[in-house]
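Residue numbers start from 1 in every chain, and the chains themselves are labelled A, B, ... in the order their sequence lines are given, proteins ahead of strands.
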Amino acid sequence: MGREKDAKGEEKVKHKSLKLKKLSGDESAGAGGDAIGNSANSDKSSKKIENGKVRKKAKTASAQADNSEQAETAYEDFVMKKKTLKKPVIVEDDPLEGHSASVSERIKEEPEDENADFIPKNKGQKRKRIKEEPRECLSPTPSSKKKLKQEVDEFPSQKKKTKKKSEKSVKKEEEEPATVSKKPKRSKEDIQEAKLLKIKKKEEEEQNRWRWWEEEKYEDGVKWKFLEHNGPYFPPEYQPVPDSVHFYYNGKPVKLSPSAEEVALFFAQMLDHEYTTKKVFRENFLKDWRMEMTPEERSLIKHLNKCDFGEMHAMHKAKVEARKNMTKEEKQAVKDANQKIVDMFGYCLLDHHKERIGNFKIEPPGLFRGRGEHPKQGMLKKRIQPEDVIINCSKGSRVPVPPAGHHWKELRHDNTVTWLASWTENVQGSIKYIMLNANSKLKGEKDWEKYEVARKLKTCVDDIRYQYNQDLKSKQMSTRQRAVALYFIDKLALRAGNEKEEGETADTVGCCSLRVEHITLHDQLEGNECVVEFDFLGKDSIRYYNKVPVIKKVFKNLKLFMENKEPGDDLFDRLNTQMLNKHLTSLMPGLTAKVFRTYNASITLQQQLKELTNKGDNVAEMILSYNRANRAVAILCNHQRAPPKTFEQSMANLQAKIDTRKEQLTLAKSELKQAKKEAKSKGNSDPKLQTLVERKKAAVKRCEDHLLKMELQATDKEENKQIALGTSKLNYLDPRISVAWCKKFGVPLEKIYNKSQRDKFAWAIDMTDEEFEF
DNA sequence: GAGGCGACTTAGGAAGTGGCAA
DNA sequence: TTGCCACTTCCTAAGTCGCCTC
């Protein structure tokens with residue numbers, strides 16, 4: 001930790017620091033400092049030079065908006081109600097460490113009458129509260145925990161990873177119990193029974209769903225009134241490699257100490273990955289690895305290129321292979337063991353409803369895989385101990401039991417936050433959280449709220465656009481910069497672009513942090529006037545490249561902002577995200593830069609669906625239209641993915657199938673023709689020949705349908721090569737638009753949302769009819 | 001008002017899974 | 001029955017933005 005802090009102080013602005021002059025005074029001091037034409041350099045940049053790092057923060061946006069006409073609906077209702085409720089439960093830090101029993105004793109009962117908080121909006125209506133779960137489900141004893149861990153850790157070939165695998169299958173199992181264990185052969189009755197079971201399970205699930213959106217919301221800030229869980233699941237301890245597996249240094253075998261060996265194995269496991277070829281990764285790894293070594297090891301091992309991890313790598317690959325080749329029984333045993341872990345740690349009780357936890361496992365140690373040119377890639381992510389973990393739960397709930405011989409860092413009862421456990425990771429010093437699954441009340445409620453804010457923007461976006469268009473002519477440079485930035489955020493769905501500590505992360509930017517080098521201005525380009533060419537790395541080091549014709553006022557301003565600046569200077573040197581968001585919040589409560597992304601994504605989907613959907617289309621065509629609309633949004637938001645490795649091959653395979661199908665269609669058509677001819681020659685009186693004609697007709701139809709379906713699939717696939725649809729679908733598109741569209745055009749919702757997406761959007765599915773307008 | 005921190009959302013890649021064609 | 005591949009889920013990094021402290 002100390003090391004990062006030092007690094008923070010040392011690593012400084014590079015390209016900017018030499019170039020920037022300090023400007024005096026703030027803009028309000030007079031037109032002199034901020035007048036148009038004075039495009040010199042910024043306070044902001046100067047600060048970078050002085051302080052080495054810059055991070056600024058925005059002002060609070062005050063709460064909820066006035067009710068405009070339509071937000072009307074359930075949401076308004078929901079929000080209004082919370083105002084009458086009580087103050088948050090007081091948060092107390094309890095630095096208590098040690099055994100849970102003593103903790104429980106010290107925790108007082110919650111003062112509130114819990115039931116009082118659960119007054120259903122529509123009494124007697126469909127909402128049902130799940131009965132309380134059997135206590136033991138959330139309350140393992142230390143010995144049962146230990147035993148469970150052993151079961152999993154000791155399983156045949158390879159523990160850690162097999163576990164993950166089986167856990168997933170287990171999840172599927174939960175969803176589709178009937179399809180899981182593959183018996184040798186199932187009779188028709190079995191299959192029928194399985195189907196019925198599946199339907200029954202679905203119904204039950206639906207009945208048991210917590211319809212939180214029909215309940216009153218808590219007062220501001222309060223996230224829950226009761227929270228109980230079993231704490232996080234810790235990854236198994238390191239098991240040294242067998243003596244037969246050697247590590248060599250300079251050609252000679254070296255037996256490493258367990259801690260050095262563990263880190264060496266992290267590297268060995270990644271040898272197939274490009275990371276291990278990168279200089280920064282290798283240097284960071286070596287540095288951190290040496291810190292885990294004994295003094296003797298450290299004095300011996302000084303150069304990574306003299307290290308031979310070959311046998312360790314081979315062992316790892318053999319384990320992966322062995323895992324693949326496990327027998328059904330072995331796989332089943334792993335599944336079962338992992339199911340126990342999920343049962344034990346994967347759920348919590350939130351206001352007495354059983355909720356799935358999103359990430360209940362502590363992140364295992366390993367090598368940090370930063371994205372892009374991350375300066376910290378390869379550093380060691382250390383093993384997290386219970387002593388590093390803060391537990392958050394209700395007073396009066398059962399306190400999670402730490403692993404034997406350990407204690408928690410802290411026990412907290414903070415019901416104004418949604419996390420169940422947290423710890424600070426060592427590489428970047430950031431806090432990691434254990435939180436609920438996307439289908440939980442806490443996440444769903446927030447999601448709903450997000451889309452409501454975006455819908456509210458719809459009602460005032462014209463005024464805001466008018467305003468920033470006016471501001472493009474402002475005498476204040478900062479106002480002009482804000483207007484241009486807003487223009488980009490609105491038109492191009494750029495992210496806000498907070499400032500980052502340089503040298504701590506990859507060099508990526510968003511709108512406010514764009515530098516001169518990231519844009520090129522073209523008076524004329526490809527038949528358009530006033531074109532801005534963007535080329536920069538955004539979030540996750542994904543390249544944003546776009547050539548955009550802009551209005552003249554924007555273009556002229558950009559020229560002005562770039563005057564007398566070096567490529568590495570900030571384009572918007574009088575602007576940061578706090579200023580921008582403060583301004584936006586003053587225009588509409590709750591409005592920030594990111595709301596524009598949500599708004600533009602959702603409105604684009606709605607418009608595209610209107611444009612692309614044809615009433616007479618079949619389901620396959622409808623889905624292609626939907627995907628195209630979705631794709632338009634993904635392009636707008638620049639959601640890219642690496643083309644799948646097998647893309648070319650699978651595209652070729654699909655094309656081959658299409659060709660085969662075409663041949664079949666030709667054949668089917670000629671057979672139909674022949675059949676018709678024969679039937680006609682007998683005066684259409686032979687019923688057998690008539691039947692034959694009908695059969696051939698059906699065959700042609702079948703072929704055509706198949707062909708169409710495959711061609712649509714191929715088009716979809718090609719268009720989707722480098723575009724990730726999932727991110728926008730999950731995070732930016734108001735699900736009510738999709739639900740309404742499905743209902744309106746008779747498209748099964750399952751074609752648009754998979755099971756977990758339907759769970760996540762249960763609130764939207766339940767409340768939306770086909771008339772919904774974003 | 002700046003800066004640091006905390007809480008939460010958004011993001012792409014890796015790993016796992018299961019359906020389907022051969 | 002097997003192996004491929006599309007789809008799903010997991011994992012955790014990397015953003016945004018609000019709050020608190022000085």
Side-chain angles (χ1 to χ4, degrees), chain A residues 8 26 43-44 47 51 53-62 161-173 175-176 179-180 182 223 273 320 323-324 331 358-359 361 363-364 366 368-372 374 376-377 381 414 416-419 422 424-425 427-433 435 437-438 442-443 446-447 450 495-501 504-506 508 510 512 538-542 576-582 584-585 590 592-595 597-598 637-642 644-647 649-650 653-654 657 713 717 724 726-728 730-732 754-757:
Chain A
K8 275 183 194 174
D26 71 5
D43 291 342
K44 186 166 73 173
K47 260 169 210 124
N51 304 329
K53 53 190 176 184
V54 179
R55 281 191 83 203
K56 299 171 188 169
K57 292 302 158 185
K59 271 279 168 204
T60 319
S62 67
K161 300 226 166 177
T162 21
K163 213 179 346 163
K164 281 189 205 161
K165 181 176 172 179
S166 56
E167 191 186 311
K168 285 170 193 169
S169 42
V170 160
K171 207 156 146 206
K172 289 268 172 190
E173 198 174 10
E175 291 162 11
E176 297 169 65
T179 60
V180 178
K182 282 181 186 167
K223 304 289 172 31
H273 204 288
V320 172
R323 199 160 61 226
K324 268 191 206 161
K331 284 182 182 169
N359 57 327
K361 290 178 176 172
E363 291 174 16
F368 178 72
R369 303 180 178 205
R371 312 216 172 114
H374 200 295
K376 294 191 171 184
Q377 59 182 295
K381 264 179 67 169
D414 184 352
T416 66
V417 296
T418 64
W419 53 268
S422 73
T424 303
E425 56 91 31
V427 175
Q428 316 211 75
S430 63
I431 306 171
K432 300 278 190 165
Y433 300 95
M435 289 181 181
N437 190 267
L442 290 178
K443 296 284 182 189
K446 229 20 204 328
D447 227 24
K450 173 180 79 185
R495 293 187 187 85
N498 282 324
E499 289 168 73
K500 299 162 58 172
E501 288 179 40
E504 293 288 297
T505 57
T508 61
C512 294
K539 182 176 177 181
D540 292 327
S541 293
I542 298 291
N576 61 36
T577 53
Q578 295 77 44
M579 292 156 72
L580 182 71
N581 281 339
K582 198 176 169 188
L584 289 173
T585 305
T592 60
K594 100 186 177 95
V595 178
R597 241 166 114 78
T598 312
C637 295
N638 200 38
H639 292 146
Q640 296 186 31
R641 61 167 184 170
K645 284 169 196 153
T646 54
F647 183 83
Q649 186 54 52
S650 69
N653 291 349
L654 186 57
K657 279 186 204 167
Q713 205 185 334
K717 199 174 166 138
T727 307
S728 48
L730 280 178
N731 301 302
Y732 289 104
N754 65 31
K755 172 84 170 72
S756 58
Q757 289 163 344

What I want to check is whether an N or O donor and acceptor connect the side chain of A:K594 with the base of C:dT16 at under 3.5 Å. no
A:N359 atom CG is separated from B:dT10 atom C1', nearest whole Å, by 15 Å
Of A:S728 and A:R369, the one whose closest nucleotide on DNA chain B sits nearer the 5' end is A:S728
Going from CG on A:D540 to CZ on A:R371, what distance comes out if it is rounded to the nearest 0.5 angstrom? 4.5 Å
If the cut-off is 4.0 Å, is A:T727 near the phosphate of B:dG12, judged by side-chain N/O to OP1 or OP2? yes
Any residue meeting side-chain hydrogen bond (donor to acceptor under 3.5 Å, both in side chains) with A:K443, in chain and number order, not counting sequence neighbours: none
The nucleotide from C:dG15, C:dT12, B:dC8 with an atom nearest the side chain of A:Y433 is B:dC8
The criterion is side-chain hydrogen bond (donor to acceptor under 3.5 Å, both in side chains); which residues satisfy it with A:N359, sequence neighbours excluded? none
B:dC8 OP1/OP2 closer than 4.0 Å to side-chain N/O of A:T418: yes
If you round to the nearest 0.5 Å, how far is OG1 of A:T577 from CD of A:E499? 7.0 Å
Gap between atoms CZ and P, on A:R495 and B:dT10 respectively (whole Å): 10 Å
Phosphate OP1/OP2 of B:dT9 contacted by A:Y732 side-chain N/O (<4.0 Å): no
OP1, OP2 of C:dT16 versus side-chain N and O of A:T592: anything below 4.0 Å? no
Answer yes or no: does a side-chain N or O of A:K755 lie under 4.0 Å from OP1 or OP2 of C:dT9? no
Closer than 4.0 Å, any side-chain N/O of A:K539 to the OP1 or OP2 of C:dA13? no
Return no unless some side-chain N or O of A:R597 is found under 4.0 Å from OP1 or OP2 of B:dT10. no
5'-most by nearest nucleotide on DNA chain C - A:G497 or A:Q757: A:Q757
Short side-chain N/O contact to C:dT8 OP1/OP2 from A:N754, under 4.0 Å: yes
Please work out which of the three classes, parallel, tilted or perpendicular, describes the rings of A:H374 and A:F368, given edges at 30° and 60°. perpendicular
Separation of A:H639 atom NE2 from B:dA11 atom C1', in whole Å? 7 Å
How many Å lie between CD on A:E363 and C1' on C:dC11, as a whole number? 8 Å
It should be established whether A:T577 places a side-chain nitrogen or oxygen under 4.0 Å from OP1 or OP2 of nucleotide C:dC17. no
Can a side chain N or O of A:K450 be found less than 4.0 Å away from OP1 or OP2 on B:dT10? yes
OP1, OP2 of C:dT8 versus side-chain N and O of A:S756: anything below 4.0 Å? no
Within this structure, what is the NZ-to-P distance between A:K223 and C:dG18, rounded to whole angstrom? 13 Å
Nearest whole Å is fine: how far is C:dC11 C1' from A:H273 NE2? 13 Å
